[in-house]
Every structure is written in structure tokens, then in C-alpha cells.
Amino acid sequence: HVSRSDSDVYAVARRAPDVTEYPEHWELIPSGGLDASSARPGGAVDVEGQLLRELDEEAGISGDAVLRLEWIGLFRDALDGVWDLAYEIIVSSPPRARPEYRALRLLTGQELAAFARAEAARFVPTSLGILRARHLVEEP
């Protein structure tokens, strides 16, 4: 989320219609997978490095704007069988729209709860799970 002096703002974006998973669905950004550039000798994976690359690619936010990375947990998407590593990224600058997304919304916690309730059927399940785990959206 974007940290501001008056309130915290959370970024969600609507996926483009031509993406392979969850087209036209809303999700927390950034989102992505681990690629070969994240692999380190001995089998280690540079998860935070990959996360910062995704943040730059998908939200136009450089690593210099990151105030804090905080581990949230591991989430499994039951529909596609993928495990997602979830982090809260606190940044000092807002995201910018990127081609991967059709729309970008910056929402306060209260706005996010109402938006997620209204758009639940069109939200990526993992993003809803993260919001529920962080108590930003109540269980259905």
C-alpha cells in the first residue's frame, strides 16, 4: 500500500482481457511469479528481488520508493493449484497504470472493503484471501 501522512491507500488493478489467468479480474498489485533470474546458487530464491522487479514492471514504482516489505503468508489458489507468497509493500509514491491492467484504483481501507464486497465475483481469489487474512475485508 501507499503510505501517506493522512491515511493508507491500497492499490488494486483490473487485469487485461488477454492475460492467461483471471482476465478482467481485480487483484492487489504487484502480482507475478518467480522466474529463472530469481534463482541463486544452492537452490535459494531471491523472492524480494523478484518482488521489487514486479513492482517496477507492474506499478512503475522503483525500489527506492519502498519503505518496508513485510511478509504476510503463503496462500494457495485452489482453482489453479498455485501457491502465492504474499508481502505487504509499503511505498512512498503511488503506482502508475501499466499495459497489463485495464484500470487502476487507489482505495482507503474503508473504500477497499466496500469495493471488494461489490466486486467479489471478479476478484482474483488469492487477493481476496490476502485481504481477509489482513482483516481488510470480512469473510463472506
Side-chain angles (χ1 to χ4, degrees):
H1 69 266
V2 179
S3 182
R4 298 198 175 143
S5 59
D6 55 341
S7 67
D8 290 336
V9 178
Y10 300 87
V12 295
R14 190 169 179 192
R15 296 172 60 82
D18 58 343
V19 298
T20 56
E21 295 179 2
Y22 300 109
E24 303 269 352
H25 280 61
W26 292 95
E27 71 180 350
L28 296 167
I29 62 168
S31 171
L34 295 170
D35 60 31
S37 68
S38 299
R40 298 294 176 257
V45 177
D46 181 11
V47 174
E48 290 185 4
Q50 180 69 37
L51 184 58
L52 293 176
R53 283 190 296 280
E54 294 287 347
L55 182 65
D56 188 35
E57 290 171 13
E58 294 184 10
I61 299 174
S62 72
D64 295 343
V66 174
L67 302 174
R68 192 172 81 230
L69 288 175
E70 183 178 317
W71 169 251
I72 295 174
L74 186 63
F75 293 80
R76 183 171 186 274
D77 185 331
L79 295 178
D80 65 12
V82 171
W83 286 92
D84 291 310
L85 307 169
Y87 283 79
E88 181 174 30
I89 309 168
I90 300 170
V91 297
S92 59
S93 61
R96 296 186 305 270
R98 300 305 243 196
E100 183 173 334
Y101 297 109
R102 292 189 65 167
L104 173 68
R105 302 279 306 261
L106 299 177
L107 305 166
T108 65
Q110 205 169 37
E111 292 168 336
L112 179 60
F115 183 77
R117 273 192 309 276
E119 295 288 334
R122 294 188 312 168
F123 239 92
V124 172
T126 301
S127 288
L128 274 178
I130 292 166
L131 293 173
R132 289 177 180 138
R134 299 297 280 182
H135 306 290
L136 294 166
V137 174
E138 61 273 345
E139 295 289 331

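Just so we're clear, the structure is a prediction, and the values are computed from it rather than from any experiment.
- Ionic pairing of Glu70 and Arg68 is present here: one or more N-O contacts between side-chain nitrogen and carboxylate oxygen are shorter than 4.0 angstrom.
- Contact check for Ser127 versus Val12: no side-chain heavy atoms found under the 4.5 Å cut-off.
- When all heavy atoms of Pro95 and Ala11 are compared, the pair lying nearest together is CG-CB, 3.8 Å.
- Taken from CD in Glu139 to CG in Leu128, the straight-line distance is 9.5 Å, to the nearest 0.5 Å.
- Judged by distance alone, the side chains of Tyr10 and Glu111 never bring a donor and an acceptor atom under 3.5 Å apart.
- Trp83 is not connected to Val124 by any chain of hydrophobic side-chain contacts under 4.5 Å among Ile, Leu, Val, Met, Phe, Trp and Tyr, and they are in different clusters.
- With hydrogens and angles ignored, the 3.5 Å screen pairs no side-chain donor or acceptor of Arg14 with any backbone N or O of Arg105.
- The closest side-chain heavy-atom distance from Val137 to Phe123 is not below 4.5 Å.
- The closest donor-acceptor contact from the side chain of Arg122 to the backbone of Trp26 lies at 3.5 Å or more, if one exists at all.
- Residues Tyr101 and Arg15 are in side-chain contact: their nearest non-hydrogen atoms beyond the backbone lie under 4.5 Å apart.
- Between Ala116 and Leu131 the shortest heavy-atom distance is CB-CD1, 4.4 Å.
- Side-chain contact check for Val91 versus Leu55: some heavy-atom pair is nearer than 4.5 Å.
- Linking Ile, Leu, Val, Met, Phe, Trp and Tyr residues whenever their side-chain heavy atoms come within less than 4.5 Å places Leu69 and Val47 in a single cluster.
- Here the CG atom belonging to Leu106 is positioned 12.5 Å from the CG atom belonging to Asp8, to the nearest 0.5 angstrom.
- Minimum interatomic distance between Glu57 and Arg98 (heavy atoms only, all atoms of both residues): O-NE, 3.1 Å.
- Val82 and Ile130 fall into different hydrophobic clusters, where Ile, Leu, Val, Met, Phe, Trp and Tyr residues are linked whenever their side-chain heavy atoms come under 4.5 Å apart, directly or through other members.
- Salt-bridge check for Glu24 with Arg102: passed, with a basic side-chain N closer than 4.0 Å to an acidic carboxylate O.
- Under the 4.5 Å side-chain criterion, counting only non-hydrogen atoms from C-beta, Leu79 is in contact with Pro125.
- A pairwise comparison of heavy atoms in Pro99 and Ala16 identifies O-CB, 4.3 Å as the closest pair.
- Under a hydrophobic clustering in which Ile, Leu, Val, Met, Phe, Trp and Tyr are joined whenever their side-chain heavy atoms come within less than 4.5 Å, directly or via other members, Ile29 and Ile72 fall into different clusters.
- For the atom pair CG of Asp77 and OG1 of Thr126, the computed distance is 4.0 Å after rounding to the nearest 0.5 Å.
- Annotation: side chain of Pro30 is in contact with side chain of Ile89 (closest heavy-atom distance under 4.5 Å).
- In terms of heavy-atom proximity, Gln50 sits nearest to Ser37 at OE1-OG, 3.9 Å.
- Under the 3.5 Å distance criterion, the side-chain polar atoms of Asp84 are left unmatched by any main-chain donor or acceptor of Ala86.
- Residues Leu85 and Leu74 meet the side-chain proximity criterion, which asks for heavy atoms closer than 4.5 Å.
- Leu28 and Val19 fall into different hydrophobic clusters, defined by Ile, Leu, Val, Met, Phe, Trp and Tyr side-chain heavy atoms under 4.5 Å apart, directly or through other members.
- Nearest heavy atom pair, residue Asp46 against residue Arg40, reads OD2-NH2, 3.1 Å.
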